Asks: 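Got a structure for you, questions after.
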Number of protein chains: 4
Amino acid sequence: MQSQIVTFLIKCPDQKGLVAKFTSFFYEEGFNIVSCQQYVNAIADRYYMRIRLDAEDANISKKDLENKFLVLANELNCTWSVHYEKEKQNVAIMVSHTSHCLYDLLERHKEGKIDCNISLIISNHNKLKPIADMFGVPYYHLPITKETKKEQEGQVKDLLTKHNVDLIVMARYMQILSEDFINTYPQKIINIHHSFLPAFQGANPYQRAYERGVKLIGATAHYATVDLDEGPIIEQDVERITHESTPKTLKGIGADIERLVLARAVKSHLQHQIIVSDNRAIVFPESGE
Amino acid sequence: MQSQIVTFLIKCPDQKGLVAKFTSFFYEEGFNIVSCQQYVNAIADRYYMRIRLDAEDANISKKDLENKFLVLANELNCTWSVHYEKEKQNVAIMVSHTSHCLYDLLERHKEGKIDCNISLIISNHNKLKPIADMFGVPYYHLPITKETKKEQEGQVKDLLTKHNVDLIVMARYMQILSEDFINTYPQKIINIHHSFLPAFQGANPYQRAYERGVKLIGATAHYATVDLDEGPIIEQDVERITHESTPKTLKGIGADIERLVLARAVKSHLQHQIIVSDNRAIVFPESGE
Amino acid sequence: MQSQIVTFLIKCPDQKGLVAKFTSFFYEEGFNIVSCQQYVNAIADRYYMRIRLDAEDANISKKDLENKFLVLANELNCTWSVHYEKEKQNVAIMVSHTSHCLYDLLERHKEGKIDCNISLIISNHNKLKPIADMFGVPYYHLPITKETKKEQEGQVKDLLTKHNVDLIVMARYMQILSEDFINTYPQKIINIHHSFLPAFQGANPYQRAYERGVKLIGATAHYATVDLDEGPIIEQDVERITHESTPKTLKGIGADIERLVLARAVKSHLQHQIIVSDNRAIVFPESGE
Amino acid sequence: MQSQIVTFLIKCPDQKGLVAKFTSFFYEEGFNIVSCQQYVNAIADRYYMRIRLDAEDANISKKDLENKFLVLANELNCTWSVHYEKEKQNVAIMVSHTSHCLYDLLERHKEGKIDCNISLIISNHNKLKPIADMFGVPYYHLPITKETKKEQEGQVKDLLTKHNVDLIVMARYMQILSEDFINTYPQKIINIHHSFLPAFQGANPYQRAYERGVKLIGATAHYATVDLDEGPIIEQDVERITHESTPKTLKGIGADIERLVLARAVKSHLQHQIIVSDNRAIVFPESGE
């Protein structure tokens, strides 16, 4: 296998000798272990590993590697995935009216801070097309109404398939995706929304946060699941505010948190730092090299 | 009036000339303005002032000061209160089983970091009596059952009256106070509880925060109101956690946030930094001198 | 005076009756006080006010307003400035190789989140011109060598004069400005740099922060003064890091803090929230309306 | 070996097959791996492991375990240590005048939040003896002058030896320890001090932080080394402050950060989460169980 980084994400029931078995397997195939991050959930008796391998001295094809690992994985009852760093992932960004998250992702991409192809932008409005044009990314305007929702989602799916998309980022896309759509892309849709302590259900959350006089506001990035806003949490952050804040200034502060939280979540996903287990996202720290 | 600091907390409908009128009033009575903090809520058209005065050069009795100010206040349609620094406030702490907030408050008090009398500790259990003894504070054990709730609250009220209590701190008192009790002490009961984004209603919140894989946990201090945990928020804070946290370690981290947030809230109240307006607590920053 | 917001920034020796005098002055000229923020420094015996006025009902010309206020100001020994919201400020951004702060400012400006004209970008390199082009801002490439430093700074000054620039933002401009240049623009140059606890002098600070195993890294925005990096601090922030961070990942995290801290500092300056006193920047919170 | 948790801390040059070798070793001796945390420093080519083992099914004596592991360790060129959870560590706290860190540690210990014996308190003053008495911990008053420094440190050493002390916590002990003293207890002395961005050398740092108008203040806990305040950093934190803060209020905020940062550092040390390498403290997160 030519020199490159290979990442395995593994989860399985906890059992004696797991680390030894996995690391011996890769060791014997000639891989150098660049980093090996683990997490044992003693409550659920489950084991998780993110292992990054340098394939330079490994004399094995992709196919053989995967077939051989499959034998061990079955024996240990593992769920697993493997990722080759050189295979760039394709990302679709979905937006509506709000531009801060879109700008942020496009700019980070342009600066080389998130490693992927931004293949396309899809929106139910035409408003943000000029930004797509600035950054030279194809922009698809697919309007949606109650009546055309199913049809529009079909068009979105066609585009995602056509562009071979690996990750869908809902960068303030203000539409509720259908159950069918979400189930088509499990753990492949990242959503961002504002967060409060306490939470405010319903419309105008910044207005209600203001009325309640909260002292912190925040944002949460999570995988989209059928239970709206209840998917596994990838990243969260907050900022301190004061009584001088108004619904309008809160929105501005919130926007800054949203863009940062979303960017971190997207980066963690693209770097294969995340294993989802039940409703928890295990996010391994960026391993330094 | 002998040399001391006097604090006025004022709220009224916003109108032209307010600052000039208030500050001129105090200026003419011979007070030196130590600090003057204001907040104009342009949305609700309301005005708030916290003004701290040095009474050294003022030649007016308390009674006259209050009577004279009342005239101006009525004219401007103000709600207001006045506080004399030398009159130490009496504080009651209510606890159940958990000791971290109790320790924290007693120790800060002993170190001179919160300026008040800690007059008594009331608990529905006997467990924390040794801590009260360590710090030499009277401890009243008033057990409670469903049947005796009303009677126990009566005993509590008697104690509060007897000790002339100005502030009741629920430092992890795990009983729901009756509507009647809460209404007897408006904006005089501070409660602390854990907080999450998103919020988790019901039992075992740390277990549920763990199951959801949240990345931040926090605490909120607020005035107790009849709507449980819905009173005006005084202070909040959060800490970052990871998937390695368990319900048990989350509790430990949560305890550290609770004690700090509660201590800050109690200090802000005792220093008369707070004006409550509708369901918002306007908390002016500690003015430096 | 036509309807608009006028902001006065005032500092003077503390003395009795100040608030009353200032607010009465504006009240009598027919201004409505939108917000009035004060700070009394009891240690230095100085008084600071930021007062925002609605000029709608004021029947006075700019010139008369300033002349009349000058009489009061002289009497009270004030240093002061006045700012008319409708007069948009002109901003120059200076950069070298690094793009994250530049992108951030251009994008916020485009989104309407910072209210000013971004009149020009000046760089000692040509590298970031494509970004300027994307956002349609004039870009001046003025290379610099030891020998041409004085001449180059002269060219910069000419451009700043020609564009009538009010604020110079050094968005990672990696040149040390001459004493003469800095003295030409007192409190009109904002700089951003990384910050550590403890601080690391000299080259490669991220390398050295890594070697020391620091747990937090941060950034500081300040006004440029002749003592390099010693000017009044406008804004600071930090992020938590771990031993897994490398000099490279630290730089990435640092970049995110820098852009946010710089953006907040620029916004505070443009909204006239800052009064500099000795080496301290008094930054009043954004007053909500 | 009777049922208990055993923790190994290991560092060695990075090399192929390390994880497999270590985990196989423990697996074959019958240990169950409770958690296995690793860190590969690709820059320095070094490997670090914290592995926690359940000894319940292991049929090997302590001595045999250590002898056997020594063979493997020598082969791989490891530095290592082993810790048995049931052997409680003895802690000495050194203080001068300031009580907040002392209170905090005593109280956490009493609440069962830090697992150790607090064997004694040593001070160069008598002031804090009443606190020691409250918590029933022996207090040794060993005054110090320039002339008696050497002698006093000798007395301190005798006490530490007599009490078989494993960890010395300098909880605001305001004396500079001699090089000889520090070298006697490598990585066994934890110190806490305030931290600023930028740093302020010399006396009265809070005064100087105030004069500079810093927006954040913090604290750093580190191992004491001969280069004062330059030892490996274990934990740091900061709080946001404003221009309203005075040197006095800064001290109060600083005290709250110090106690929390010191408590976290002591806990990490006692739980054997730390491996020191050059001047870096690798602090593994508390592993959840």
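Owing to the predicted nature of the structure, the values given are computational and were not obtained by experimental measurement. Chain identifiers are assigned alphabetically (A, B, ...) following the order of the sequence lines, protein sequences preceding nucleic acid strands; residue numbering begins at 1 within each chain.
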Asks: For Lys251(A), I'd like to know if atom NZ has over 12 heavy atoms of other residues, nucleotides or ligands within 6.0 Å.
Replies: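 Atom NZ in Lys251(A) is not crowded, with 12 or fewer foreign heavy atoms closer than 6.0 Å.
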Asks: Atom CD1 in Ile33(D), atom OH in Tyr47(A): separation rounded to 0.5 Å?
Replies: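 That separation rounds to 8.0 Å.
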Asks: Rounded to the nearest 0.5 Å, what's the gap from OG on Ser35(D) to CG on Asp14(A)? Could you check?
Replies: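 Ser35(D) atom OG to Asp14(A) atom CG measures 10.5 Å (nearest 0.5 Å).
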Asks: Can you list everything that forms a side chain to side chain donor-acceptor pair (under 3.5 Å) with Glu107(D)? Sequence neighbours excluded, please.
Replies: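 So Glu107(D) forms a side chain to side chain donor-acceptor pair (under 3.5 Å) with Arg259(B).
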Asks: Tell me, please, which residues at least two apart from Asn117(D) pass side chain to side chain donor-acceptor pair (under 3.5 Å).
Replies: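 In terms of side chain to side chain donor-acceptor pair (under 3.5 Å), with neighbours along the sequence ignored, Asn117(D) is linked to Asn90(D).
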Asks: Do Gln38(A) and Gln37(D) have side chains that get closer than 4.5 Å, going by heavy atoms?
Replies: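 With C-beta onward as the side chain, the pair stays apart.
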Asks: Looking only at non-hydrogen atoms, find the nearest pair between Val19(A) and Thr23(D) and report the distance.
Replies: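 Smallest heavy-atom distance, with atoms named: CB-CG2, 3.6 Å.
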Asks: For Ser24(D) and Ala20(A), work out which heavy atoms get closest and say how close.
Replies: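 Closest approach of Ser24(D) to Ala20(A): OG-CB, 3.4 Å.
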